[in-house]
Amino acid sequence: MKAYQQGWTLRRRVAALLGVVVVLLLGLAGAEAAVAAQNRQNIDAVLLKTGPLRVQAQELMSVLLDQETSVRGYAVNGDRSDLDPYREGVQREQTLVASIRDLSAGYPDVRRTLDVVERDTAQWRAQVAEPVITTVERDGPEAGQALITDATRQQFDGIRSSVNTLQDEILVIRQETAERVNSTSNLLVILLIIAALVVTIAGVVMLLSLDRILIRPLAALVTQVREVADGDYRHHIEGSGPPEFRRLAEDIDQMRMKIARELDEVREARERIEWVNSQLQKQAEELTRSNRDLEQFAYVASHDLQEPLRKVASFCQLLQRRYAGQLDERADQYIAFAVDGAQRMQRLINDLLAFSRIGRLTTGFTEVDLNKVMGDVAGQTEAALQYADAELTWGEMPTIRGEEPLLTNLLVNLVSNSVKFRRPDVPPKVHVSARLVDGEWEISCRDNGIGIEPEFADKIFVIFQRLHSKDAYPGTGIGLAIVKKIVEYHGGRVWVDTDVDEGTIIRFTLPALEADISAAQAAQAAATAPEAEAGEQAEATEGDPADAGRQPDGEAREESPAEADRHGTNGGMKETVG
């Protein structure tokens, strides 16, 4: 018994209990099927055999009486029509006898009695009926009546007695069959009651067994798990009941121990993190002090340091103007070097101040129309564009959220770089365009200048990183670093598109407004319209020059400077200097 309790699995226990119940129910079902079949046979015998036998026996008596009455009537009247019931009765008698014989298969007593009735009827017909009919036909009714005597009537009474005996036999058989029907029906009901009792007992045993081998061990396991869940990770979990539950308890206990170890590690890690956070807090405070010092330095650099630098530059320029040609050539060269160095130092300090102020001195984000910004950019770079005989064009630009002064500075730096790094034998052309890509505006600045080698595409955004000497191309090397910082401050990214045959393309992204994204999605949905409608839209696009710079989904198509020059328009804006 102990081996059964400890060794049998839950599946095996439930299977054994269900197997016993199933065997009992199958046995009862087989017995019920046999009893039901026997009951059905008995009911069929009552309804299809004994009942029709009784009715036909009664009808046989009636037919024989009709025959006897017909013969008597003919003997009295001598009318041939009185014999019609006799002849019809004879035919009907033969039919009834044949039917009774078929229905009485399996009932030998009925058949023997039927043979007696058939023999007596044949004798009466041969000894009484036929002679009377023949005598009346030959000698007349009086002669026929003389043949009908008490003896002939007693002979027919014998037939009647035989038929009554047949009916009694059929009634006895019917009663016996009815009793068998009642017996099998009662037995079937008893079997059904037994089956219901088996199901009920099996259900009770199943509930008790499940309570003992399933519910109680599971409840105990749940109680222990809840103790662990409440925070007592040191509580050992023990299982009981079937092997599955014991293995489950072991697995849960293993998980508890693993969680406890991990919690210890987490506690240690948290202590280390708290220590690191304290160190970071100290570093943050030091950084805050350092930033204050840097701001103070920036203030000093913008005021105190630039003042003596301006004095040095001013006096050097005075020396250059007053004593130019009066000293030797080497002295003029030295003075020129001093003036140039002071001016470059001023530009470098100003650029550093501008770089440090990005994102620190903020006016807040507003909706900025980049078309207006491009107009300001064209105005600020007008002198450089005229000097280089350059052409600046731009397509339809979006409206975004940002700081207008920083975005203007961003585009001024890009346009100025494109003009600066030009080819000596080709008039510079700069084109700025925008398109919506994955919820962001991708803005491109393309030129036909000297271009950038792919291996230097990332270095140009590093502060003070120069690819050319200051004699070849002037500048401090901080312009594209300012561009990168402004773009990242606005939540975008910037890169150089190296997949170009000529010139340079610098691309950067800026977050798009929700209205622009919704409009682009609506345009994309419209692009999936029926082909006829799409064809009409394509024809309309081809026939409208104003849409030449737009893509079917409503986004602006990027154009090269040469394409923009051929079209003669860029969103209604074009800046040509030369």
Side-chain angles (χ1 to χ4, degrees), residues 365-378 392-404 406-408 410-411 414-415 429-447 486-500 503 505-575:
F365 279 17
T366 59
E367 291 191 1
V368 180
D369 185 0
L370 293 186
N371 292 295
K372 178 179 178 300
V373 170
M374 284 304 302
D376 296 339
V377 170
L392 171 62
T393 59
W394 63 91
E396 181 69 23
M397 304 297 287
T399 297
I400 65 169
R401 286 191 59 80
E403 293 191 22
E404 184 172 349
L406 294 181
L407 294 173
T408 303
L410 162 66
L411 291 169
L414 291 178
V415 173
K429 291 185 178 181
V430 185
H431 180 67
V432 181
S433 60
R435 62 175 181 173
L436 189 63
V437 179
D438 296 333
E440 292 181 321
W441 283 109
E442 182 185 287
I443 301 174
S444 306
C445 180
R446 180 169 187 167
D447 61 55
I486 293 174
V487 170
E488 291 177 349
Y489 173 67
H490 284 80
R493 54 192 178 88
V494 62
W495 72 96
V496 177
D497 189 349
T498 58
D499 190 16
V500 291
I505 299 180
I506 295 180
R507 304 182 188 272
F508 63 93
T509 61
L510 294 174
L513 298 177
E514 290 295 333
D516 294 335
I517 298 175
S518 301
Q521 292 174 350
Q524 186 176 4
T528 59
E531 294 182 0
E533 183 178 352
E536 294 175 0
Q537 292 178 355
E539 293 175 0
T541 302
E542 294 174 358
D544 188 357
D547 291 338
R550 306 291 291 180
Q551 293 181 347
D553 60 354
E555 301 175 4
R557 181 178 62 86
E558 182 184 352
E559 295 178 330
S560 66
E563 291 173 337
D565 185 47
R566 289 197 303 272
H567 293 157
T569 179
N570 288 280
M573 301 180 186
K574 179 176 179 182
E575 178 71 19

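Quick caveat, the model's predicted, so the values are computed rather than measured.
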Given the options Asp369, Leu370, Asn371, Val373 meets side chain to side chain contact (heavy atoms under 4.5 Å, CB included) only with Leu370

For the student: nearest non-hydrogen atoms of Val494 and Val487, plus distance:
N-CG1, 4.1 Å

Euclidean distance, Met374 CE relative to Leu407 CG, rounded to 0.5 Å
12.0 Å

Mind checking the NZ-OG1 spacing from Lys429 to Thr393? Nearest 0.5 Å is all I need.
9.0 Å

Atom pair OG (Ser433) and CE (Met397), whose distance is rounded to the nearest 0.5 Å
7.5 Å

Run the side-chain contact (heavy atoms from CB on, under 4.5 Å) test on Val496 and Ile505 for me, step by step, so that the C-alpha distance in whole Å, both residues' side-chain angles and the decisive distance to 0.1 Å come before the verdict.
CA-CA 6 Å; Val496 177; Ile505 299 180; over 6 Å; no

Check: Val432 and Ile443 side chains under 4.5 Å, non-hydrogen atoms:
yes

Using the side-chain contact (heavy atoms from CB on, under 4.5 Å) rule, take Leu414 and Leu410 through it: C-alpha gap first, then chi angles, then the decisive distance, then the call.
CA-CA 6 Å; Leu414 291 178; Leu410 162 66; 4.3 Å; yes

Trp394 and Gly375: which non-hydrogen atoms are nearest, and at how many Å?
CZ2-N, 4.3 Å

Nearest 0.5 angstrom please: Glu404 CD to Asp376 CG, how far?
6.0 Å

Looking at Leu436 and Ala512, what are the two nearest heavy atoms and their distance?
CD1-CB, 3.6 Å

Evaluate side-chain contact (heavy atoms from CB on, under 4.5 Å) for Trp441 paired with Thr509, printing each intermediate quantity in order.
CA-CA 5 Å; Trp441 283 109; Thr509 61; over 6 Å; no

How close do Gly402 and Val368 get, counting heavy atoms only, and between which atoms?
O-CG2, 3.4 Å

Can you tell me how far the CZ atom of Arg435 sits from the CD atom of Glu442, to the nearest 0.5 Å?
4.5 Å

Measure the spacing between NE2 of His490 and CG of Leu510 and express it to the nearest 0.5 Å.
7.0 Å

Are any of the side-chain heavy atoms of Phe365 and Glu403 separated by less than 4.5 Å?
yes

Asp497: which residues meet the salt bridge (charged side-chain N to carboxylate O under 4.0 Å, His left out) condition with it, sequence neighbours left out?
Arg507

